[in-house]
Structure formats: C-alpha cells, structure tokens
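Remember, it's 1-based here, ligands and their atoms both numbered in the order they're listed.
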Amino acid sequence: MMTKKLLFQLDTDAIANGFDTIVGYDGGADHVIPHGGVNPQNVGMLVDGCMFARSSREKQFSAIFVGGSKLAEGQALFEAIKKKFFANFRVSVMLDSNGSNTTAAASVAYLIKHCPAAGKRAVVLAGTGPVGQRAAAVLAKEGAEVVITSRVLARAQASCELIKERFGYDCIPVAAIDDASRGKALAGARIVYAAGAAGVQLLRETDWMDNSTLEVMCDANATPMLGVQGVNMADKGVECHGKIVYGALGIGDLKMKLHRQCIARLFEQNELLLDAEDIYGIAKTMV
Ligand code: NAP
C-alpha cells in the first residue's frame, strides 16, 4: 500500500485559510488537515504526532504548512515547530503566511530578470504587510538598497527591524501618507514594488510615469482599485511609459506554480525547511 502524503496545514488565524488547503491538494498532498488558531504554545502535540507516527522511511510523507494572515505570528510558529525536532525525528515544513514568501519570491524573480538589483535603489510601497516585508528581504538579498514606506513611520521602522533581526539586512524606513508623498519616495528608485492592501491605490499614473530612474515595477494588488494607476492586473513584463511593469495576475501564475512546487518538494524528504530564502531560490529556477 502506498503511504499517503499528509499535509498538516497549521494556520495562526482562528479559521484555516481555504486557499492554502486547495493549493495543498494541488501541490500533491493526498490529504490536507487544516487546523486554525495554532500558536507556539499549543503546537507541540501536533508536531509530536508528525515526528513520531511514522517510521524513518515514511516520515517524508508527513509535512507541515504554516499559514495565516500575520507574518510575525507565522514566523514564531515556524521557529517553535523547528525547535521540537531532534535527530531524524523531523518532517519538512513550509512557511507562507498570507502567501508572503511565494508572492514576493515569484515577483522579485521576475523583476530582477529585467533589472539586476545589486546596488540599485528599490522602494517597497506599503511594505509593512507580509508580502511587502518578504519582497523587501529578497530585494535586499539581491543587494538592493531597500526603502520601505508606510503611512506611519513607526510601522516602517518596525518592519525594517524585523528584517534586520530575521535576515540581517538594513532597510530604510520612510513615512509616506498619500499618493503624492509615495510618488516623492520614488526619487532615485530603479525598482518599485507596490505591496499595499487589497483595493488600495498607492500611486497615480502621474506620480511615476515621468520618473527618469525607474526601470521595473510590480503591483501585487489584484483587487480594484489596483495599487498603481496605469498598471493593469494582467500586465506581465510589458513596457509602459518606458518602464517594465507587472500586475498582480502577471505574477500570479508563477506564484501559484511556485506554491505547488514547494508543496511537492516537502514530500521528497523529511528535513526540508522552506522560508523566504529557499522559496526565492526555487522561484529563480522557474522564471
Ligand atoms: P496587507 O498586509 O493587507 O497590507 C499591506 C499594507 O498596506 C499595510 O501594512 C498598510 O501599510 C497598507 N495599507 C492598508 N490600507 C491602506 C490604505 N488605505 N492606504 C494606504 N496604505 C494602506 O497586504 P499583504 O497581505 O502584505 O499583501 C499585499 C498585496 O498583495 C495585497 O494587495 C494582496 O491582495 C496581494 N497579494 C497578491 C498575490 C498575488 O498572487 N498577486 C498573492 C498574495 C497577496 P501601513 O499601514 O503601514 O501604511
């Protein structure tokens, strides 16, 4: 009898996200077991079950996915799960709170294809959410000088601190309260990543169309109003006002393939740990 591939979907929100359940199946799991309200304090028994229930040979067929809307909570849960493992009593784990790692990895992999980031200024607009923070981290990993904007300086600073703590990179926090101030924050930028909440416009077309340094731009927001006026949802590496632009659907296809590919890889061994760096590494091989 074939050993069933079981994916334990551990969500930090009260109700486990159905999107992650579906992609779990589409990525090759035979059965996805969603749990909501999981945190570092109550995860122990779930991890013990995964670690001990199967023989060494079969452990690779149990895996854990960590999701939820809050990246900091997901990161803490991911760390708590890893701490439980010892010797070969471990299973593969993937962290992707709110699609942060897969979305950021897929879109930055596209952007740097057109504009290698080393030494370039990259501005992550509204970069305080899960996607923006991970996009900032992978852009910094590529050697960019990364600016993170927020409507509130303290929130931009907090995101920069989290990135420093987790990845060791310095980012620059900038307060930008409206479209005009976000447009000003693009001065000298070659790469712009709009990571605002769904349905929120961050830039008017007039705020970016004449920017003479800007080379590539991505808007992750797929819900009208879109984040960047003038960039269409389906744009995929098309030229607009002399810049290469990507809309949310333009990156969405790779994001979905990447998410599925990561799930499939979890079942190839019992010690894979997929967070931003490795997921980004996989994305770069798929562009
Ligand atoms: P999020 O946490 O919901 O929001 C990101 C930031 O947007 C917030 O931290 C906030 O920053 C800012 N914001 C919220 N309301 C605002 C307003 N009225 N005006 C200006 N700024 C506002 O977003 P996320 O989960 O990181 O996701 C980012 C985007 O990616 C979303 O649009 C999401 O739908 C999209 N997404 C796309 C894909 C894809 O495949 N294309 C996949 C996943 C997610 P401050 O409060 O600090 O200003």
Side-chain angles (χ1 to χ4, degrees), residues 11-13 17-20 22-23 26 67-75 95-111 123-139 147-163 171-183 185 192-204 207 217-229 231-237 245-262 276 279 283 286:
D11 199 303
T12 55
D13 293 344
N17 191 321
F19 180 98
D20 293 331
I22 291 168
V23 187
D26 292 348
S69 60
K70 306 259 181 340
L71 179 57
E73 290 178 5
Q75 190 78 61
L95 170 64
D96 200 25
S97 299
N98 240 22
S100 53
N101 282 329
T102 48
T103 306
S107 36
V108 173
Y110 272 137
L111 294 181
V123 177
V124 183
L125 297 169
T128 50
V131 173
Q133 285 183 44
R134 282 325 204 216
V138 289
L139 283 163
V147 172
I148 293 178
T149 79
S150 166
R151 290 166 296 171
V152 179
L153 182 60
R155 281 210 284 270
Q157 286 168 333
S159 292
C160 292
E161 277 160 25
L162 284 173
I163 290 168
C171 297
I172 303 164
V174 167
I177 194 161
D178 53 18
D179 294 18
S181 54
R182 283 185 285 267
V192 169
Y193 193 106
V200 171
Q201 179 176 296
L202 298 175
L203 287 177
R204 298 164 301 198
D207 296 317
M217 179 158 60
C218 165
D219 176 16
N221 171 13
T223 309
M225 298 175 67
L226 300 181
V228 179
Q229 190 185 38
V231 175
N232 295 312
M233 218 186 285
D235 284 349
K236 187 173 180 179
V245 299
Y246 283 84
L249 298 185
I251 56 169
D253 188 38
L254 178 60
K255 179 251 169 343
M256 293 307 303
K257 283 190 185 136
L258 175 62
H259 191 156
R260 290 187 200 120
Q261 171 74 237
C262 289
I279 293 173
M286 296 173 71

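- Only the side chain of K255 comes within 4.0 Å of ligand 1, judged by heavy-atom distances.
- Side chains of L226 and M233 form a contact here, defined as non-hydrogen atoms less than 4.5 Å apart.
- Under the rule for a side chain to side chain donor-acceptor pair (under 3.5 Å), Q157 has no partner lying at least two apart in sequence or in another chain.
- At least one side-chain heavy atom of I163 sits under 4.5 Å from a side-chain heavy atom of I148.
- The shortest separation from a heavy atom of V200 to ligand 1 is under 4.0 Å, placing the residue in contact.
- Scanning the protein for heavy atoms near atom 30 (O) of ligand 1, the closest one is A220 CB, 3.4 Å.
- Close approach of ligand 1 to A126 is summarised as follows: ligand atoms under 4.0 Å from at least one heavy atom of the residue are 5 (C), 6 (C), 7 (O), 12 (C).
- Annotation: side chain of L203 is not in contact with side chain of Q229 (no heavy-atom distance under 4.5 Å).
- In terms of protein heavy-atom proximity, atom 32 (O) of ligand 1 is nearest to G196 O, 2.7 Å.
- Atoms of ligand 1 found under 4.0 Å from any heavy atom of A248 (numbered from 1 in listed order, with element): 41 (N).
- At a 4.0 Å heavy-atom cut-off, ligand 1 touches A195 through the backbone alone.
- In the vicinity of N98, heavy-atom distances shorter than 4.0 Å reach the ligand 1 atoms 25 (O), 43 (C).
- You'll find the side chain of N98 reaches within 4.5 Å of the side chain of S69, heavy atoms only.
- When only non-hydrogen protein atoms are considered, atom 7 (O) of ligand 1 lies nearest to A197 N, 3.0 Å.
- Close approach of ligand 1 to A198 (heavy-atom distance below 4.0 Å) involves ligand atoms 31 (C), 32 (O), 34 (O).
- Distance from atom 9 (O) of ligand 1 to its nearest protein heavy atom, with residue and atom name: T128 OG1, 2.6 Å.
- Every heavy atom of V152 sits 4.0 Å or more from the atoms of ligand 1.
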Report, one line per pair, each donor and acceptor closer than 3.5 Å where one atom sits in a side chain of residues 246-254; sequence neighbours left out.
{"from": "Y246", "atom 1": "OH", "to": "H114", "atom 2": "NE2", "distance (Å)": "2.6"}
{"from": "D253", "atom 1": "OD2", "to": "K257", "atom 2": "NZ", "distance (Å)": "3.2"}

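- Of the protein's non-hydrogen atoms, P130 CD, 3.8 Å is the one closest to atom 24 (P) of ligand 1.
- Both the backbone and the side chain of V131 come within 4.0 Å of ligand 1, judged by heavy-atom distances.
- Here T103 has side-chain heavy atoms under 4.0 Å from ligand 1, and that is the only part of it that gets that close.
- Side-chain contact between D20 and H259: present, with at least one pair of heavy atoms (C-beta onward) separated by less than 4.5 Å.
- In this structure, the protein non-hydrogen atom closest to atom 21 (N) of ligand 1 is R151 NE, 3.4 Å.
- Taking every heavy atom of S150 and a limit of under 4.0 angstrom, the matching atoms of ligand 1 come to 45 (P), 47 (O), 48 (O).
- In this structure, the side chains of C218 and Y110 stay at 4.5 Å or more apart for every pair of heavy atoms.
- Heavy atoms of G99 come nearer than 4.0 angstrom to ligand 1 in no pair at all.
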